Amino acid sequence: DEHRQGTEDVEGDMGSLQGKTLGISGNGNAIDGNNHSGVTISNGQTLGVDNVSSFGNLDTAITNNGGTLNISDTTFENNSVKDVENNGQMNLSKSNSFEKQVTGTGDIKVTDGTSTFNNGLNQNSIEISSGATLTTHNTATVNGGKNDGLINGSGSLINSGEFDNNNNINVDVTNNGEMTSKAEHFNKTITNNDTLNLSGTLSKTVYGNNGTTYVDKDLAINESGNID
């Protein structure tokens, strides 16, 4: 593979980070975990991973138990359990791809570029900065967040907290919390089971089960728009 200039073989379990900071600069190379355990960081520690063409063949590649995880230009693949267990802060930049699940109780911020989740995302919150894209090809489940960029993909978004949406969401949305958005920013189906605050122009049906949809006094509802 032309993108993989070389492979760094892991000869044992990567274990817990010692000290405060570790930076992994792949320079386009791959990390082959040889079926060992991945790296774990904790509160007060920072791990940076940059330009790794394939971070794989581990059980869970990275476990973040309260620290800060910075990932850029990295592909996670061929891990046996999941790619990342994030229970802290995870910052994503440039182009990243996750083949297996990313789960945990932490928070994810996509600062720029496109980060793609192929097999599920479950986090406390997500934040997508202006100009950045989060792509999900499975279910992304969050307890709130903010979208100033773009949410794309063939998957869906389930929100159970406070979510402030300021740009396009091109996946099916189920709201079980409180979501605020312009109606035209929803480009697939909308199901509201709690509180949805809408402004702008509604061009589709808002479905739901005992949810309440609040509309701005200037909300326009065209012929194809409906609140079920």
Side-chain angles (χ1 to χ4, degrees), residues 64 66 68-69 84-92 98 101-112 114-117 119-228:
N64 178 13
T68 300
L69 177 58
V84 178
E85 171 74 17
N86 179 52
N87 302 308
Q89 179 66 42
M90 181 172 167
N91 301 311
L92 302 173
F98 300 88
Q101 288 186 330
V102 175
T103 62
T105 59
D107 304 295
I108 288 179
K109 183 173 183 179
V110 185
T111 60
D112 59 72
T114 298
S115 288
T116 301
F117 299 85
N119 199 26
L121 167 66
N122 194 323
Q123 285 286 276
N124 177 58
S125 73
I126 56 172
E127 181 178 348
I128 302 100
S129 299
S130 176
T133 300
L134 184 149
T135 298
T136 177
H137 294 306
N138 205 303
T139 303
T141 303
V142 297
N143 291 322
K146 183 179 182 182
N147 175 37
D148 290 325
L150 177 66
I151 299 177
N152 242 342
S154 59
S156 61
L157 173 67
I158 300 175
N159 170 60
S160 298
E162 292 186 12
F163 197 103
D164 186 11
N165 182 53
N166 300 307
N167 216 324
N168 286 334
I169 298 180
N170 297 328
V171 298
D172 295 334
V173 174
T174 299
N175 176 47
N176 300 320
E178 181 173 358
M179 184 171 263
T180 301
S181 179
K182 287 186 176 180
E184 60 264 33
H185 287 158
F186 295 110
N187 294 312
K188 293 289 187 68
T189 62
I190 318 167
T191 302
N192 177 40
N193 300 320
D194 199 327
T195 302
L196 179 63
N197 303 307
L198 288 181
S199 60
T201 302
L202 181 64
S203 302
K204 54 172 47 67
T205 297
V206 177
Y207 300 96
N209 181 21
N210 298 320
T212 302
T213 300
Y214 295 95
V215 299
D216 183 89
K217 64 182 178 63
D218 296 321
L219 177 75
I221 302 178
N222 67 20
E223 291 182 359
S224 57
N226 182 49
I227 299 174
D228 189 12

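Quick caveat: nothing in here was measured; it's all calculated off a predicted structure.
The two residues Thr139 and Thr141 make their nearest non-hydrogen contact at CG2-OG1, 3.5 Å. Residues Gly153 and Val171 share a closest heavy-atom pair of O-CG1, 3.5 Å.
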Review point. Can you list the steps and then say if Leu198 with Phe186 is a side chain to side chain contact (heavy atoms under 4.5 Å, CB included)?
Key: CA-CA 10 Å; Leu198 288 181; Phe186 295 110; 3.9 Å; yes
Exercise for review: Verify side chain to side chain contact (heavy atoms under 4.5 Å, CB included) between Asn197 and Glu178, making sure each step is shown before the conclusion.
Suggested key: CA-CA 8 Å; Asn197 303 307; Glu178 181 173 358; 3.2 Å; yes
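For the residue pair Thr189 / Asp172, a side-chain donor-acceptor distance below 3.5 Å is found, with atom types taken as modelled. No side-chain donor from either of Asp194 and Asn176 sits under 3.5 Å from a side-chain acceptor of the other.
Taken from OG in Ser115 to NZ in Lys109, the straight-line distance is 13.0 Å, to the nearest 0.5 Å. For the atom pair Ser129 OG and Leu150 CG, the distance stands at 13.0 Å (nearest 0.5 Å). Rounded to the nearest 0.5 angstrom, Asn187 CG and Asn168 CG are separated by 5.0 Å. Atom CG of Leu69 and atom CG of Asn64 lie 5.5 Å apart (nearest 0.5 Å). To the nearest 0.5 angstrom, Asn167 atom CG is 10.0 Å from Ile128 atom CD1. Atom CG of residue Asn209 and atom CG of residue Asn193 lie 5.5 Å apart, to the nearest 0.5 angstrom.
With a 6.0 Å radius and a threshold of 12 heavy atoms from other residues, nucleotides or ligands, Gln89 has its CD atom above the threshold.
Residues passing the ring-ring contact (aromatic ring centres under 6.0 Å, His included) test with Phe117 are Phe98, sequence neighbours excluded.
In this structure, Asn192 contributes its side chain and Thr212 its backbone to a donor-acceptor pair below 3.5 Å. At least one donor-acceptor pair under 3.5 Å links the side chain of Glu184 to the backbone N or O of Thr201. Panel note: side chain Thr136, backbone Asn138; a donor-acceptor pair is recorded below 3.5 Å. Side-chain atoms of His137 come within 3.5 Å of backbone N or O of Ser154 as a donor-acceptor pair. Side-chain atoms of Asn122 never come within 3.5 Å of backbone atoms of Thr103 as a donor-acceptor pair (strictly under, hydrogens ignored). Under the 3.5 Å distance criterion, the side-chain polar atoms of Asn159 are matched with a main-chain donor or acceptor of Gly144. Remark: the backbone N or O of Gly208 is not paired with any side-chain donor or acceptor of Thr191 at under 3.5 angstrom.
Salt-bridge annotation for Lys146 and Asp148: present, with a side-chain N of the basic residue lying under 4.0 Å from a carboxylate O of the acidic one.
Inter-residue side-chain proximity for Phe163 and Ile126 is flagged as met; some heavy-atom pair is nearer than 4.5 Å. For the pair Val142 and Leu157, the minimum side-chain heavy-atom distance is below 4.5 Å. Side-chain atoms of Met179 and Val173, non-hydrogen and from C-beta on, do get closer than 4.5 Å to each other. Contact annotation: the side chain of Leu121 approaches that of Leu134 to within less than 4.5 Å [non-hydrogen atoms, C-beta and beyond].
Each of Thr105, Asp107, Asn87, Asn86 was compared with Gln123 under the side-chain hydrogen bond (donor to acceptor under 3.5 Å, both in side chains) criterion, and only Asn86 meets it.
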